[in-house]
Each structure stands twice: as structure tokens, then as C-alpha cells.
Amino acid sequence: FLPHTSGRFNKKRFRKAQCPIVERLTNSLMRTGRNNGKKLMAVRILEHTFEIIHLLTDANPIQVIVDAVVNGGPREDSTHLVC
């Protein structure tokens with residue numbers, strides 16, 4: 001899976017939910033300081049990461065990342081009310 005669709009997912013509200021999760025992870029790797037805008041380097045880092053996940057867990061690396069995103073989401077009962 002190549003996370004480089006050249007999509008425009010920020011033109012409308014909530015369209016980024018249709019962006020593939022691997023591409024969103026790649027784009028978030030590009031945000032920091034000296035890695036700014038270097039998508040090919042971010043893709044290469046992600047490929048190495050997927051290979052390490054596959055070697056350590058013998059599982060599908062994309063499924064591991066999806067499970068991590070699901071576990072990192074907000075809980076149903078955790079609401080923060082500011083008065």
C-alpha cells in the first residue's frame with residue numbers, strides 16, 4: 001500500500017475521515033521541524049516500521065495500527081465539562 005494519493009481531503013469539512021489511515025500517519029510524520037514536506041522520507045520510515053511490526057508480532061501491521069487508533073480514541077464516559 002503506497003500512502004501517496006495526492007488527495008485534497010481538507011477542502012470540505014469531515015472529508016479527512018475518508019483519507020486512508022496510513023496516509024494520515026505519513027502526513028503526520030512530515031509535520032515536525034526538519035522533516036517538513038519530505039513525504040518520501042516519511043513513506044520510507046513507515047515501510048521500515050511496518051516491517052519491524054511484522055517481524056515482531058507476525059500480524060498484519062496495518063491492522064495493528066488500526067487497533068492502536070481505536071484504543072487511543074476517546075471513551076464513551078469521558079466527557080470534560082468546563083463551567
Side-chain angles (χ1 to χ4, degrees):
F1 181 73
L2 186 65
H4 193 61
T5 61
S6 300
R8 290 161 183 86
F9 294 103
N10 289 329
K11 291 285 187 183
K12 278 191 175 176
R13 189 176 180 197
F14 299 121
R15 192 179 287 178
K16 66 181 177 183
Q18 296 164 354
C19 179
I21 193 165
V22 178
E23 185 169 4
R24 290 195 62 188
L25 182 62
T26 305
N27 292 341
S28 68
L29 282 175
M30 290 194 308
R31 279 191 209 144
T32 59
R34 65 180 184 180
N35 300 330
N36 209 359
K38 298 178 182 174
K39 191 156 192 173
L40 292 177
M41 185 174 73
V43 168
R44 191 171 59 240
I45 290 170
L46 209 58
E47 285 176 359
H48 293 314
T49 305
F50 284 163
E51 185 67 30
I52 290 170
I53 290 172
H54 178 68
L55 291 175
L56 291 178
T57 62
D58 291 328
N60 186 3
I62 296 176
Q63 186 62 44
V64 171
I65 289 180
V66 169
D67 292 341
V69 170
V70 168
N71 289 337
R75 298 290 180 257
E76 196 171 309
D77 295 332
S78 65
T79 58
H80 182 68
L81 298 174
V82 178
C83 295

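Hydrogens, waters and symmetry mates play no part in the numbers below; they use all other heavy atoms, side chains included.
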List, one per line, each side-chain donor-acceptor pair under 3.5 Å for residues 54-64, sequence neighbours excluded.
unit_1, atom_1, unit_2, atom_2, d
His54, ND1, Ala59, O, 3.4
Thr57, OG1, Ile53, O, 2.6
Thr57, OG1, Ala59, N, 3.3
Asn60, OD1, Ile62, N, 3.4
Gln63, NE2, Asp67, OD1, 3.0

Would you be so kind as to tabulate the donor-acceptor pairs closer than 3.5 Å made by side chains of residues 37-44, with sequence neighbours excluded?
unit_1, atom_1, unit_2, atom_2, d
Lys38, NZ, Arg34, O, 3.2
Lys39, NZ, Glu23, OE2, 3.3
Lys39, NZ, Asn27, OD1, 3.1

Evaluation steps, side chain to side chain contact (heavy atoms under 4.5 Å, CB included), between Ile21 and Val66: CA-CA 8 Å; Ile21 193 165; Val66 169; 4.3 Å; yes
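Interatomic distance, Asn36 CG to Arg31 CZ, rounded to the nearest 0.5 Å: 10.5 Å.
Nearest heavy atom pair, residue Leu29 against residue Asn35, reads O-CB, 4.0 Å.
A chain of hydrophobic side-chain contacts below 4.5 Å, direct or via other Ile, Leu, Val, Met, Phe, Trp or Tyr residues, connects Ile45 to Val69.
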